[in-house]
Each structure stands twice: as C-alpha cells, then as structure tokens.
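Below is one structure, written out as structure tokens; comments come after it.
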Amino acid sequence: MRGITYSTSQNWITNDNNRTQQQSTKKALNTNTNYLNTTKSATKTKQCPPFSINSSKTLTPKTDNPPLVVVGSANADIYVEIDRLPKEGETISAKTGQTLAGGKGANQAVCSGKLSYPTYFLGQVGEDAHGNLITEALRDSGVYIDHLNTVSSAPTGHAVVMLQADGQNSIIIVGGANMSCWPHTLPNQDLDIIKNAGIVLLQREIPDSVNIQVAKAARSAGVPVILDTGGMEGPIPVELLTHVDILSPNETELARLTGMSTESFEQISQAVAKCHELGAKQVLVKLGTKGSALFVEGEEPIEQPMIAAKKVLDTTGAGDTFTAAFSVALVEGKSVRECLRFAAAAASLCVQVKGAIPSMPDREAVFNLLQSP
C-alpha cells in the first residue's frame, strides 16, 4: 500500500521522474527510529491520473509529487472584534467587522498551497458572493479547485467569529452548502484524485457520510488520512475512525469526544488511550500554548513545545495551520519531530496576523523562523 514515510534526513524527499514512491506506510509509527513502518516495497510506482484544463476554474498541475488533497468545508467567516463575550440577554457593540474566506477545509488547503505543496480542494459553495470570495481565496493561494463544486440549492456556509482583545475566539458555524446537496456517491473523478493523493485531510464540517466515503477510498489505495476533529459535536462513527490513520483533536475536542477531563498531560494521555480503544491508533493533539503531542498506541508520546509568537492577535486558523503544515512535512518525508516543529512554527506565525486565511504563512517565513536564534 502506498503512503508516506518519516525520514531522519534533514532534506526534503522528492520523487524521481517515474514518480516512484520513496517508501510506503501503514498504521504503525515506530517512535524509537522516527520512521513510519513500511508494508510493501519502497519501489512501488503509482501514477497520478491524466489531468485536463477546466476553463471555468484552473489548470490542474503536472507534478512528480503526489498531491495533498483536502476534502472539507468552505465558509465565509464574519469577524467581529469585541472586548468580551456578551452575557445572556445582553447586546454589545463590536469594534470592527469584516467578512473573509475560511472554513476548516479551505483553511487547511490554503495553508498547504501557501507552503508550496501541490494541493487540491474538494468541497462545495453556493451560487453567491460568499462562494466567489472563497473560490478566489483558494485560487490566489495556489490551490487547485477543479473539484470545488458550486450548488444552486444551498447558500455558501458561513461562520460568525467573535474575536476578543486577547486574541482568543468563539465561533458559530452555519453549514449551508457544506452540509447539504452532496451526492449520495462521490463521482469517480473525485475518488480518483483521492486515490492518487500523497495524503488526504478531513474535518467534521461536512457530513460524516462523505468523510467515510473519502476515507475508505483513500484506505483502498494505501493513502494516509488525517481527520481533524473540529466541527460537529457528535461522536465520530466507528466506520470513520477505523479508516483514519491519524486523529487530530485539540484538547477541548478531545475532552468532548471522550467525556474525560484534559486539564493535565496525564489526563490527556488517558483520554487518548480511550481514542485508541475506539480505533484511532495515532492521535495528534493540539495543545495551544502547551504545544502539541503525537500519541501512537504502544509507544511513548512525542511532545513539541509551542514556538512563542512575538504577539498574539488572532488564534483563528492556528489549529488548521498546524494540521496542514504537519501534513505537508509528513508527505515530504520529514521525521516525526521535524513535522511537529515545522507545524509549530507555522502556527506561531499564524496567530500574529488577524484572520484565518490571511494569516497562513508561506514556506520561506516558516523556514526563517525555524532558523532564527
């Protein structure tokens, strides 16, 4: 089965002209050697499908690297800056308000695109101004949108982001096209790009039924899947969990999923153990100011401290930036610790700029931060 491998090399791994995969992976992550274990020959070749021009959208790239594919939500984020959250029955005034492209899926796709990795976004928007806003933001960030569908029977999803003075936020989501109008069975052209990906990213702002189809298609082709648990509050279907390679919650989502406290690292470890019991063998927990940790069943966790930001203006999108940056480093063959550090640097840069998509850093900025004293 074809996938990705962690490497202890300091250099990025690239494919040769025959697109031969450097290594393959499956579930086991050996944290003693920092390698994902391989399950088949490292010389297995898998060609990307022939692509064509869609004149209404974009030219699909020809690249030797298998693309990163994000399947997920696209929202118009309506930002309001406030001193504090309103109390029950209270009306307060906002300092400013603006509408920006967002949604966890679009955020992660934009971050990957800005990090100069070939990226596809598969999602849905409505026939409205918000849909145009999102389409332009994705295209401007280098994301290939051949698989972004416009639907006429639902508006583009949107979210109200209440940004407080300390940079923390509270968000309310309206699903719109993200949660409706999906085909009962995804078309072959969408499944083909998933099966030929280097890695697939999912979130929980689209129906579980869609995520399950995508995860199963990826698993059938040996493509690793990372599921960001942000979005819906309900339990994750076992059918989805068992087809995901890495589950990635933040500590609040971890507590909600398990019904357990996550105040201390010991409590987090116990909650992760419950995720292992549910079928998630690898769990990447985003811990905010406490950094992050990758837990692999049967191994010691690998911790990454936060890389301090010079200033924190807005934490919106920081988790999406972390997940996407980790995935880019992973598919390019970096070691476990390098993946975590690269992601931490990207997230540190993200929180220093207001807005989710505007705050996503480019590759040069991340490398400069990592190389700074």
Side-chain angles (χ1 to χ4, degrees), residues 72-107 128-130 133-134 154-180 203-206 228-236 248-265 267-268 271 285-292 306 308-323 347-348 350-360:
S73 58
N75 287 330
D77 287 345
I78 303 167
Y79 280 82
V80 289
E81 292 189 48
I82 54 179
D83 290 322
R84 59 175 177 81
L85 294 174
K87 298 177 182 178
E88 184 176 351
E90 181 183 25
T91 299
I92 62 174
S93 296
K95 297 178 181 177
T96 62
Q98 60 179 325
T99 302
L100 300 170
K104 294 187 70 65
N107 289 346
D128 48 39
H130 287 165
L133 174 71
I134 293 163
T156 300
H158 57 278
V160 178
V161 182
M162 294 172 282
L163 179 62
Q164 299 179 69
D166 61 359
Q168 298 302 311
N169 63 69
S170 299
I171 304 174
I172 302 172
I173 298 171
V174 180
N178 294 313
M179 293 300 296
S180 61
Q203 320 82 39
R204 298 200 70 209
E205 291 182 346
I206 62 174
D228 186 310
T229 61
M232 289 184 286
E233 294 188 9
I236 300 175
S248 185
N250 61 29
E251 53 193 326
T252 302
E253 293 159 358
L254 180 62
R256 187 177 69 208
L257 287 170
T258 62
M260 301 171 67
S261 176
T262 56
E263 295 298 320
S264 68
F265 194 81
Q267 291 173 330
I268 289 168
V285 186
K286 301 176 283 278
L287 300 171
T289 58
K290 293 177 285 187
S292 61
M306 176 192 71
K310 293 180 180 178
K311 55 184 177 179
V312 177
L313 293 182
D314 183 4
T315 59
T316 308
D320 295 328
T321 299
F322 182 95
T323 301
S348 176
C350 171
V351 301
Q352 298 181 53
V353 179
K354 290 182 181 179
I357 283 179
S359 70
M360 305 289 178

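Computed from heavy atoms alone, side chains included, the values below leave out hydrogens, waters and symmetry copies.
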| Taking atom OG1 of Thr321 and atom CE of Met360, what is their separation to the nearest 0.5 Å? | 3.5 Å

| said: I need the Thr258 OG1 to Gln267 CD distance, nearest 0.5 Å. | reply: 10.0 Å

| request: Show your reasoning for whether side-chain contact (heavy atoms from CB on, under 4.5 Å) applies to Leu254 and Thr252. | output: CA-CA 5 Å; Leu254 180 62; Thr252 302; over 6 Å; no

| Is there side-chain contact between Asp314 and Asn169, with heavy atoms separated by less than 4.5 Å? | yes

| query | Hey, is Lys286 close enough to Glu253 for a salt bridge, meaning N to O under 4.0 Å? | reply | no

| said: Run the side-chain contact (heavy atoms from CB on, under 4.5 Å) test on Leu85 and Gln164 for me, step by step, so that the C-alpha distance in whole Å, both residues' side-chain angles and the decisive distance to 0.1 Å come before the verdict. | reply: CA-CA 8 Å; Leu85 294 174; Gln164 299 179 69; 3.7 Å; yes

| task | Please step through side-chain contact (heavy atoms from CB on, under 4.5 Å) for the pair Ile357 and Asn107, ending with a clear verdict. | result | CA-CA 6 Å; Ile357 283 179; Asn107 289 346; 3.4 Å; yes

| Taking atom OG1 of Thr99 and atom CD1 of Ile78, what is their separation to the nearest 0.5 Å? | 5.0 Å

| field | CD1-CE distance between Ile92 and Met162, expressed to the nearest 0.5 angstrom | value | 9.0 Å

| query | Counting distance only, does the side-chain N/O of Asn250 pair as donor-acceptor with the main-chain N or O of Gly319 below 3.5 Å? | reply | no

| query | Would Asp228 and Arg204 count as a salt bridge (charged side-chain N to carboxylate O under 4.0 Å, His left out) if you check the C-alpha gap in whole Å, the side-chain angles of each, and the deciding distance to 0.1 Å? | reply | CA-CA 7 Å; Asp228 186 310; Arg204 298 200 70 209; over 6 Å; no

| request: To the nearest 0.5 angstrom, please state how far the CG atom of Asp77 sits from the CG atom of Leu100. | output: 7.0 Å

| query | Does the Ser73 side chain pair with the main chain of Gly105, one donor and one acceptor, at a distance under 3.5 Å? | reply | yes

| query | Can you check whether Asn178 reaches Asn75 side chain to side chain, under 4.5 Å on heavy atoms? | reply | yes

| message | Rounded at 0.5 Å granularity, tell me how far CD1 in Ile268 sits from CG in Leu287. | response | 4.5 Å

| said: If you apply the rule side-chain contact (heavy atoms from CB on, under 4.5 Å), what do you find for Glu205 with Met232, and how did you get there? | reply: CA-CA 6 Å; Glu205 291 182 346; Met232 289 184 286; over 6 Å; no

| query | Residues two or more places apart in sequence or in another chain: which of them pass side-chain hydrogen bond (donor to acceptor under 3.5 Å, both in side chains) with Arg84? | reply | Glu90

| query | Charged N to carboxylate O below 4.0 Å: is that the case for Lys290 and Glu251? | reply | yes

